[in-house]
Peer 1: 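Handing you this structure, nothing more for now.
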Amino acid sequence: MEEHLSLKEKEQAEEVMIQRAFQELLNDYLSTKHRKRVEIITKAFNFANQAHRGIKRRSGEPYIMHPIAVAKIVCNEIGLGSTSICAALLHDVVEDTDYTVEDIENLFGPKIAQIVDGLTKISGGIFGDRASAQAENFKKLLLTMSDDIRVILIKIADRLHNMRTLGSMLPNKQYKIAGETLYIYAPLANRLGLNRIKTELENLSFKYEHPEEYAAIEKKLVATAAERDKVFREFTAPIRAQLDKMGLKYHILARVKSIYSIWNKMQTKHVPFEEIYDILAVRIVFKPKDMEEELNDCFDIYVAISKIYKPHPDRLRDWVSHPKSNGYQALHVTLMGNNGQWIEVQIRSERMDDVAEQGFAAHWKYKEGGGSEDEGELERWLHTIKEILDDPQPDAIDFLDTIKLNLFASEIFVFTPKGELKTMPQDATALDFAFSLHTDIGTHCIGAKVNHKLVPLSHRLKSGDQVEILTSKSQRVQPEWEAFATTARAKAKISEILRKEAKANQKKGEEMLAAFLQKEGIRNDESAIDRLTNLHNFHTPDELMVAVGSGKLVLGDADRNLFKEKQGKNWKKLLSFSFGKESKEKEPKEEPAAEGKPEKIDTKQILKLTEESISKEYIMAECCHPIPGDDVLGYIDEHNRVIIHKRQCPVAVKLKSSYGNRIIATQWDTHKELSFLVTLHVEGIDGVGVLNEVTQVISRQLNVNIRKLNIDAIDGIFEGKIQLYVHDVDDVRTICNNLKQVQNVKQVARIED
């Protein structure tokens, strides 16, 4: 009886917690500028609460706390209204209970039902178990998004809450979800202009994948905070005085680079934390005297502060006159502070600041009922997505990459000969530009004029270029175009045209081959085709047909001679057997198998990496050369072999987001018995005996063997690569620290060779 009572008390306590959380959501909603539709939100909450009653999350709390948390993010951090809040509260009901989308529609109307339906279609991560299913689901995600942008905004809020509570998941699930977040959700949030959310998603992903490195950077940020505050105060004092004189209402914020961005820069530039000089940026947010003067105010502030500090000539970014396609507007200027360091200053109005932090959702705040201009920008983006989806790549990972190419690239602005402004992804080529104008122009283009100079189709465009495309009716799509097209649209169109041509050539080739065999009196069967395929070194009969159909291969004497030997019928049977079935059966058996291959691997368990298992069972990935002490994970390939990758290796990033169910959490359990090859990059000031001292330190220290040493000295600066054998990350750290002690050695870092 007493136990029963305590259970009841527990349920009552949980109900109080749920009601309190919901009341907080309502209070947040009531303090926004949206219409106050409390009744429908309360109805959605009561319905979801009843539907999820008794169900717990992995962390042990009642399930309904998750939809409430997502609704709070939707309301407070993305700035959406009652329709989205209701959809967020109901987003798991159809997925996890017996209710259907029709039930939602009957109770809450078609709009909320449509959004819930969109969210249900893309639930469960984005991805199912197989790669093709994953691409399909990603396609669904984008298609639903094109129906109503709120679907993706709520999905991002859902992912943000999952990332905030990722600690209660199994490690292999953490890597899958964190990897997927970095690969898809953070760039998507960025593309939609949700800057604050993008930064948090990146930081959380990084925190779970590289906990030690995250903690180390966090510690250094705390340690250097006082110095940064001092720089900020001294730098902004004269700016404040000038803005006060101008009679502006404003506030100035210090913006500290995110932990993930700092780490990323340390990796790409091979520099330590101490050499990242743009950790501090300054943001001026002002209230315009009049909305008409908003743009002029930005430039007035720029002129005023440029008189106080010298601006960097190449670093003025004018996103005010040309907003990014995600709506971002600001003026970025880099000024030289009195401490001898460049400091970036971002100038924004309050409206621009809202748009920068909340993205498209912020437009609704300023335009009741939505504004046509901003929605046009959104429509253009969604139209691009629809075009990509018309012809998805057959391979799932290619498809994801194609989508990413278009969705997440930075932008450049180019002009047509008539002076129209076109937005293109960074690194777009003249060929991409041709296809962006029209498929026909792309198909028949032979070259381009950039700023009135003739350039090849592979020429990369830069912001401000004026581009004219030259065409010829006789031109056809060339296979090598695939290599220098970068936009999704151009890639998709080129491969579609080449595929159609290949199909037509294949059909023609089949007819020509049939005619040739008939004329020579040779039976047209699988055996004959296989023999011709082998003779001309093609991988498949289809390739042979395409070559014959396109005229690249002309059948002649060599082909006749192949069939002249041993014409007897019995021999034919024998040949058919030896060239056909038997060789086909043999192929798969030649697949390499890891010695002592494990039967079935439990992905829920953490895999221990011991000296024995590394040398016998597991494969160290060639792409990133992991060594003991690196943050790593395991990937089970199609032959049931375990391949060990560094967690931040680009290949692993793709695998996490596309084959998440094959990822295993791993843990090093080695004792300095095995040696691993690493490459160090060293640079410094050249001088007598430096090289000698560098090699001395390495061979004296821990008796490490150098495998290869390559050092160049130019104009008094030396730079080089050293390949050496180590046991683990600790060895690398010790060697790097000791090398840094050598006089004139300025930088040492481990790199991927």
Side-chain angles (χ1 to χ4, degrees), residues 57-61 65-66 69-70 73 77 124-127 134 155-190 194 196-222 257-267 273 602-609 621 624 626 628-636 642-668 729:
R57 287 195 89 198
R58 200 180 172 90
S59 60
E61 68 175 12
M65 296 300 283
H66 168 64
V70 174
I73 294 169
E77 299 179 54
I126 295 184
F127 301 128
Q134 294 161 0
K155 189 67 200 168
I156 287 171
D158 178 41
R159 174 52 58 117
L160 179 58
H161 185 246
N162 282 337
M163 285 303 296
R164 284 173 178 172
T165 55
L166 197 58
S168 55
M169 300 292 270
L170 291 169
N172 66 318
K173 276 278 193 295
Q174 288 179 355
Y175 301 149
K176 171 192 183 299
I177 293 169
E180 204 177 83
T181 300
L182 266 186
Y183 191 66
I184 288 154
Y185 284 100
L188 207 46
N190 185 37
L194 302 166
R196 218 170 15 209
I197 289 178
K198 175 211 79 154
T199 304
E200 189 178 346
L201 287 174
E202 286 176 343
N203 272 346
L204 286 167
S205 299
F206 175 51
K207 188 177 179 176
Y208 281 102
E209 295 227 73
H210 303 286
E212 286 169 13
E213 294 183 45
Y214 181 92
I217 295 173
E218 190 173 39
K219 197 172 161 190
K220 285 180 180 172
L221 277 176
V222 171
K257 205 176 188 66
S258 76
I259 292 180
Y260 173 74
S261 301
I262 292 171
W263 177 77
N264 223 358
K265 198 159 187 179
M266 285 163 64
Q267 299 303 305
F273 176 88
D602 184 357
T603 55
K604 290 184 178 156
Q605 296 296 323
I606 294 180
L607 198 66
K608 285 267 197 282
L609 301 176
C624 55
D630 281 333
D631 291 337
V632 290
L633 50 76
Y635 165 69
I636 306 169
V642 177
I643 298 168
I644 308 299
H645 285 272
K646 279 194 197 168
R647 285 182 215 158
Q648 82 271 24
C649 154
V651 176
V653 171
K654 277 188 186 182
L655 295 172
K656 281 181 286 196
S657 49
S658 296
Y659 299 96
N661 55 313
R662 293 194 193 166
I663 297 295
I664 339 169
T666 51
Q667 212 174 55
W668 295 104
V729 169

Peer 1: What distance do L221 atom CG and I262 atom CD1 have between them, rounded to the nearest 0.5 Å?
Peer 2: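 L221 atom CG to I262 atom CD1 measures 4.0 Å (nearest 0.5 Å).
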Peer 1: Hey, are the side chains of I636 and I664 touching, using non-hydrogen atoms and a 4.5 Å cut-off?
Peer 2: yes
Peer 1: Taking atom NZ as the centre, does K173 end up with more than 12 heavy-atom neighbours from other residues, nucleotides or ligands that are less than 6.0 angstrom away?
Peer 2: no
Peer 1: As an exercise, state the distance from NZ of K207 to CD1 of I259, rounded to the nearest 0.5 Å.
Peer 2: 8.0 Å
Peer 1: Would you say the side-chain atoms of K656 pair up with the backbone N or O of Y183, donor to acceptor, closer than 3.5 Å?
Peer 2: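 A pair under 3.5 Å: no.
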Peer 1: Enumerate the salt bridge (charged side-chain N to carboxylate O under 4.0 Å, His left out) contacts for residues 161-172, please, sequence neighbours excluded, ordered by first and then second residue.
Peer 2: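 Qualifying pairs: E77-R164, R164-E200.
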Peer 1: To the closest 0.5 Å, what do you measure between NE2 (H161) and CE (M65)?
Peer 2: 8.0 Å
Peer 1: For a side chain to side chain contact (heavy atoms under 4.5 Å, CB included) check, start with the C-alpha distance between I644 and L609, then their side-chain angles and the critical distance, and finish with the verdict.
Peer 2: CA-CA 9 Å; I644 308 299; L609 301 176; 3.6 Å; yes
Peer 1: If you look at every heavy atom in K646 and C624, which pair is closest and at what distance?
Peer 2: N-SG, 3.2 Å
Peer 1: Can you list everything that forms a side-chain contact (heavy atoms from CB on, under 4.5 Å) with Q605? Sequence neighbours excluded, please.
Peer 2: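 If we apply the side-chain contact (heavy atoms from CB on, under 4.5 Å) test to Q605, skipping adjacent residues, the hits are D602.
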Peer 1: Can you give each donor-acceptor pair under 3.5 Å made by side-chain atoms of residues 213-220, sequence neighbours left out, with the distance rounded to 0.1 Å?
Peer 2:
residue	atom	partner	partner atom	Å
E213	OE1	W263	NE1	2.5

Peer 1: Could you report the tightest heavy-atom contact between V642 and G634, atom names first, then the distance?
Peer 2: CG1-CA, 4.2 Å
Peer 1: With N172, which residues qualify under side-chain contact (heavy atoms from CB on, under 4.5 Å), at least two apart?
Peer 2: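 For N172 the side-chain contact (heavy atoms from CB on, under 4.5 Å) partners, ignoring immediate neighbours, are L170, T603, A665.
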Peer 1: Report yes or no: does Y208 contribute a side-chain atom to a donor-acceptor pair with the main-chain N or O of G167 at less than 3.5 Å?
Peer 2: yes
Peer 1: Using every non-hydrogen atom in the two residues, find where V729 and G629 come nearest and quote the distance to one decimal.
Peer 2: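 In this case the closest contact between V729 and G629 is CG2-C, 3.3 Å.
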Peer 1: Would you confirm whether T666, through its side chain, and V632, through its main-chain N or O, come within 3.5 Å as a donor-acceptor pair?
Peer 2: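 Yes: the side chain of T666 pairs with the backbone of V632.
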Peer 1: Using the side-chain contact (heavy atoms from CB on, under 4.5 Å) criterion, which residues pair with S258? Sequence neighbours excluded.
Peer 2: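 Testing S258 for side-chain contact (heavy atoms from CB on, under 4.5 Å), a comparison that skips the adjacent residues, returns T199, N203, Y260, S261.
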Peer 1: Taking all atoms of both residues into account, what is the closest heavy-atom pair of L633 and A652, and its distance?
Peer 2: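 Looks like CD1-CB, 4.5 Å.
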Peer 1: Could you check whether any side-chain heavy atom of I197 comes within less than 4.5 Å of a side-chain heavy atom of I156, counting everything from C-beta outward?
Peer 2: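 With C-beta onward as the side chain, the pair touches.
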Peer 1: Are any non-hydrogen side-chain atoms of E202 and L182 less than 4.5 angstrom apart?
Peer 2: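 Of all side-chain heavy-atom pairs linking L182 with E202, at least one is under 4.5 Å.
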Peer 1: Checking N162 now: which residues fulfil side-chain contact (heavy atoms from CB on, under 4.5 Å) with it, not counting sequence neighbours?
Peer 2: R57, H66, D158
Peer 1: Measure the shortest side-chain to side-chain distance between R159 and L201 over non-hydrogen atoms and say whether it is less than 4.5 angstrom.
Peer 2: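 R159 vs L201: side chains touch.
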Peer 1: If you take all heavy atoms of I177 and M169, which pair is closest and at what distance?
Peer 2: CD1-CE, 3.7 Å
Peer 1: Indicate yes or no for a side-chain donor-acceptor contact from R647 to the backbone of F206 under 3.5 Å, with no hydrogens or angles considered.
Peer 2: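 Judged by distance alone, no pair lies under 3.5 Å.
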Peer 1: Does the side chain of I663 come within less than 4.5 Å of Y635's, by heavy atoms?
Peer 2: yes
Peer 1: Taking C-beta and beyond as the side chain, do S59 and T165 meet within less than 4.5 Å on heavy atoms?
Peer 2: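 A side-chain contact is absent here, since even the closest heavy-atom pair is not under 4.5 Å.
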